[in-house]
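Only a predicted model underlies this, so the values are computations on that prediction, with no experimental measurement involved. Nothing fancy with the numbering, it's 1 onward along the sequence. Computation of the quantities below employed the complete heavy-atom set of this structure, encompassing side-chain atoms and omitting hydrogens, waters and symmetry-equivalent molecules.
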Amino acid sequence: MIRGCSFILLCLLLCQCATRGTITGGERDEQPPQLIVEESTQNQQTNFSDRTISLQFDEWIKLDDPFTQILISPPTDRRPDVRVRGRSVSFTFHEEDTLRENATYSINFGSAIQDITESNPVQNYSFVFSTGPTIDSLSLSGTVIDALTGEPQENVTVMMYEENRDSIVFESKPFYATRTLENGTWQINNVRSGSFKMVAVADENLNYLWDSQSEGIAFLDSLVAIGPDSSANIKLAISSPVATLQMQRPDTSGWNLAILPYNRPPTEIETSFSIPDSLVYVSREGNQIWVYQNPLVSNFSMYLTDLSTLITDTLYLRPDGGTAPDQIGKKSILKNSYHPSDPIRICFDRPLRRVDQDRMILVEGSDTIQAQVRILDTLPLCIELSNPWRGDSTYRLTLLPEALVDFYQTSNDTISEVFPIANPDRFGNIILQFENLDSDRGYLFELAKDKGKVEESFSVQGDTTLNRTIGKMKPGKYTLRVIEDRNLNGLWDPADYLRGEQPEQLLEFPLEELRANWDLEVKHAWK
């Protein structure tokens, strides 16, 4: 009996001691694999002649994107064979590759080597050796930025050449190479003394050559001398060459309308026709040329002349069906400032031929008023209303049927537009004062609000100073961009490597906030 009670008491005690829980795998492994030095190929060797390098780690590993991550400097002509066997990495040079004599090689594995469980990477492990008696120990560093935006550029290949031939970037791989980090910085270690040609390429296919027009390029105008006492921090501004202008497939599905798309804005294309200008109208919108054809014309030839090459292409156009437009539609493509001294512009989806002011009703409050109305000569898609508008007022414009007649001899249905006119005291002025401008060059000035769409732009040429007031600007934060237009083409031009021309200089000035009824001064001496 006593033994039975003792057994029951023991069971109760064991139950009270037990607690419920879940089985866990322990803390997450956040440590990267560790190299076992004594079991790996010795690093920092001289007179190195082995073809295979073996790296042994303390846990099972894998390779992640080795083609992108592993960087060899100097680059080899063929890809090495990189494999994982359990806890080791085997790196073998291609059998047809011959290593350079008396050269220091650096193999950076980036973040390719990772543990197999948590993908913790061995960051930037470098294996360095020399095929000669010494290991070069000099280094060079710098940054790569976008020449137009100033933003740092990641994964750009920075290359150093012992030769100074222009064609070497197409024909040969560099002597040293590295890639930029996320913040645009780069560093090349184990460099020998000497003078080098510096080039940076957005190397999309990772072949250490500049072999595609889409790959951006940056370069220095002179060689970089590297010695024991050199400490240059090199800044490279990369830009993509202007793409060769190419027309895409024309769209002639619209009724008496042809849309000609290009791969970029066709600013250098001049148009002419085999019919009188009065029977055709051309509009440009972004990368497209719109050709409106009069219904009286059955077919005609269009001549497209590239002013940069003086080559003319002929395009044969004819109506290809589609539905005839029945009504004019509103298409606001111009932004009105709504300042009392500015005209109001309203735009439509096709060019206009006539406007009947008797079929327009303009109302301010409860009063009907008159305004001067005209079709814009330079942009017949729009009408312009001029009037001494009153500030802090709202106007309603009603276009009755047949108030407008378009290029196709069709008219409008009733269209209403309401536009408020602001108090002039709600606007501010930006005063630009620039000195030391080069009278032989042009300058493009652009004011963008909140780093968005350009609100105001103009160009100057032939002056050494600028003193201009940009009025009627809405309050807010503006950014001023100034482009040094060396070739006077009215555009920002990227680098031209073959001509040895750097990208045109661009300065960006974030301005103080413009307040209502305020003058904001911007002063700068161009260097």
(message) If you compare all heavy atoms of Gln56 against all heavy atoms of Ser88, which two are closest, and at what distance to 0.1 Å?
(response) OE1-CB, 3.2 Å
(request) Report the residues that fulfil side-chain contact (heavy atoms from CB on, under 4.5 Å) with Thr309, sequence neighbours left out, ordered by chain and then residue number. (result) Asp306, Ile311
(message) So, taking the atom named CD in Glu504 and the one named CZ in Arg486, what distance separates them when rounded to the nearest 0.5 Å?
(response) 5.0 Å
Indicate every side-chain donor-acceptor pair of residues 134-142 with a distance under 3.5 Å to a residue at least two apart or in another chain.
from	atom 1	to	atom 2	distance (Å)
Asp136	OD2	Thr104	OG1	3.2

(message) Counting C-beta onward and ignoring hydrogens, is there a side-chain heavy-atom pair between Asp519 and Thr469 closer than 4.5 Å?
(response) no
(request) May I ask you to decide if Gln153's main-chain N or O and Thr180's side chain share a donor-acceptor pair within less than 3.5 Å? (result) yes
(message) Strictly by ring pair (Phe, Tyr, Trp, His ring centres under 6.0 Å), give each pair with a member in residues 138-173 just once, sequence neighbours left out.
(response) Phe170-Trp210
(request) Please identify each residue that fulfils salt bridge (charged side-chain N to carboxylate O under 4.0 Å, His left out) with Arg83, with sequence neighbours left out. (result) Asp81
(message) With a 3.5 Å distance limit and no angle check, can you tell me whether Gln293 reaches the backbone of Arg318 through a side-chain donor-acceptor pair?
(response) no
(request) Mind checking salt bridge (charged side-chain N to carboxylate O under 4.0 Å, His left out) for Glu512 and listing every partner two or more places apart, or none if nothing turns up? (result) none
(request) Report the residue from Asn189, Asn190, Asn43, Asn108 that forms a side chain to side chain donor-acceptor pair (under 3.5 Å) with Ser126. (result) Asn108
(message) Treating Glu215 as the side-chain partner and Pro241 as the backbone partner, does any N or O pair qualify as donor plus acceptor under 3.5 Å?
(response) no
(message) Is the shortest side-chain heavy-atom distance between Ile430 and Glu456 below 4.5 Å?
(response) no
(request) Would you check if Val169 and Leu209 make a side-chain contact, meaning some heavy-atom pair closer than 4.5 Å? (result) no
(request) Identify, with sequence neighbours excluded, every residue that meets side-chain hydrogen bond (donor to acceptor under 3.5 Å, both in side chains) alongside Gln34. (result) none
(request) Check whether any side-chain heavy atom of Val460 lies under 4.5 Å from a side-chain heavy atom of Arg468, and answer yes or no. (result) yes
(message) Using every non-hydrogen atom in the two residues, find where Thr76 and Pro80 come nearest and quote the distance to one decimal.
(response) OG1-CD, 4.5 Å
(message) For Ser119 and Lys62, which I'm curious about, is there any donor-acceptor pair between the side chains at under 3.5 Å?
(response) yes
(request) Would you give the length of the straight line joining atom CG of Leu315 to atom OG1 of Thr252, rounded to the nearest 0.5 angstrom? (result) 9.0 Å
(message) Looking at every heavy atom in both Lys472 and Asn429, which two are closest together, and how far apart are they?
(response) N-OD1, 3.7 Å
(request) Find the distance between CD (Gln187) and OG1 (Thr178) and round it off to the nearest 0.5 Å. (result) 8.5 Å
(request) Not counting sequence neighbours, which residues clear salt bridge (charged side-chain N to carboxylate O under 4.0 Å, His left out) with Glu39? List them please. (result) none
(request) Report yes or no: does Tyr105 contribute a side-chain atom to a donor-acceptor pair with the main-chain N or O of Arg100 at less than 3.5 Å? (result) yes
(request) Identify the two heavy atoms, one from Asn47 and one from Pro133, that lie closest to each other, and give their separation to 0.1 Å. (result) OD1-N, 3.5 Å
(message) Would you say that Ile188 contacts Met160 through its side chain, given a criterion of any heavy-atom pair below 4.5 Å between the two side chains?
(response) yes
(message) Rounded at 0.5 Å granularity, tell me how far OH in Tyr443 sits from CG in Leu488.
(response) 10.5 Å
(request) Would you check if Leu63 and Phe109 make a side-chain contact, meaning some heavy-atom pair closer than 4.5 Å? (result) no
(message) I'd like to know if the side chain of Ser239 reaches the main chain of Ala495, judged simply by a donor and an acceptor atom lying under 3.5 Å from each other, with no hydrogens or angles considered.
(response) yes
(message) How about CD on Glu101, more than 12 heavy atoms from neighbouring residues, nucleotides or ligands closer than 6.0 Å, or not?
(response) no
(message) Could you tell me if the side chain of Pro265 sits less than 4.5 Å from the side chain of Asn287, heavy atoms only?
(response) yes
(message) Is there a side chain to side chain contact (heavy atoms under 4.5 Å, CB included) between Arg264 and Val242? Walk through the geometry before answering.
(response) CA-CA 9 Å; Arg264 60 175 176 81; Val242 177; 3.5 Å; yes
(message) Taking the ring centre of each residue, are Phe127 and Phe91 less than 6.0 Å apart?
(response) no
(message) So for atom CD, which belongs to Gln123, do other residues, nucleotides or ligands contribute more than 12 heavy atoms lying within a distance under 6.0 Å?
(response) yes
(message) I'd like to know if the side chain of Gln114 reaches the main chain of Ser111, judged simply by a donor and an acceptor atom lying under 3.5 Å from each other, with no hydrogens or angles considered.
(response) yes
(request) Could you pull out all residues at least two apart from Arg481 that satisfy salt bridge (charged side-chain N to carboxylate O under 4.0 Å, His left out)? (result) Glu446
(request) From the options Thr157, Val156, Ile217, select the one residue that forms a side chain to side chain contact (heavy atoms under 4.5 Å, CB included) with Asp203. (result) Thr157
(message) So, taking the atom named CG in Leu245 and the one named CD in Glu268, what distance separates them when rounded to the nearest 0.5 Å?
(response) 4.5 Å
(request) Would you tell me whether Asp221 and Gln502 have side-chain atoms, one donor and one acceptor, within less than 3.5 Å of each other? (result) yes
(request) Tell me, with the steps shown, if Phe67 and Val82 meet side chain to side chain contact (heavy atoms under 4.5 Å, CB included). (result) CA-CA 9 Å; Phe67 176 57; Val82 186; over 6 Å; no
(request) Check for a donor-acceptor pair, side chain of Asp97 on one end and backbone N or O of Arg78 on the other, with a separation under 3.5 Å. (result) yes
(request) For Ala200 and Val144, work out which heavy atoms get closest and say how close. (result) CB-CG2, 4.3 Å
(message) Using modelled atom types and a 3.5 Å cut-off, is there a donor and acceptor pairing between side-chain atoms of Arg79 and backbone atoms of Phe93?
(response) no
(request) Report yes or no: does Asp463 contribute a side-chain atom to a donor-acceptor pair with the main-chain N or O of Thr465 at less than 3.5 Å? (result) no
(message) Listing request: all salt bridge (Lys or Arg N to Asp or Glu O under 4.0 Å) pairs with a residue in residues 155-172, at least two apart in sequence or in separate chains.
(response) Glu162-Arg192, Glu163-Arg165, Arg165-Glu171, Asp166-Lys197
(request) Taking Thr41 for its side chain and Ser54 for its backbone only, find out whether a donor-acceptor pair lies under 3.5 Å. (result) yes
(message) Please report the interatomic distance CZ(Phe509) to OG1(Thr479), rounded to the nearest 0.5 Å.
(response) 11.0 Å
(message) Please enumerate all residues that pass side-chain contact (heavy atoms from CB on, under 4.5 Å) together with Thr312, with sequence neighbours excluded.
(response) Tyr303, Thr305
(message) Using every non-hydrogen atom in the two residues, find where Pro250 and Leu260 come nearest and quote the distance to one decimal.
(response) CB-CD2, 3.7 Å
(message) For a 4.5 angstrom cut-off between non-hydrogen side-chain atoms, does Ser193 reach Pro228?
(response) yes
(message) Please evaluate residues Ser459 and Asp485 with respect to the criterion side chain to side chain contact (heavy atoms under 4.5 Å, CB included), reporting the C-alpha separation (whole Å), side-chain torsions for both, the decisive distance (0.1 Å), and the verdict.
(response) CA-CA 9 Å; Ser459 61; Asp485 188 16; over 6 Å; no
(message) For Ser222, give me all partners under side-chain contact (heavy atoms from CB on, under 4.5 Å), at least two apart in sequence or on another chain.
(response) none
(request) Provide the full list of ring pair (Phe, Tyr, Trp, His ring centres under 6.0 Å) pairs with a residue in residues 42-64, sequence neighbours left out, each pair given once. (result) Phe48-Phe129
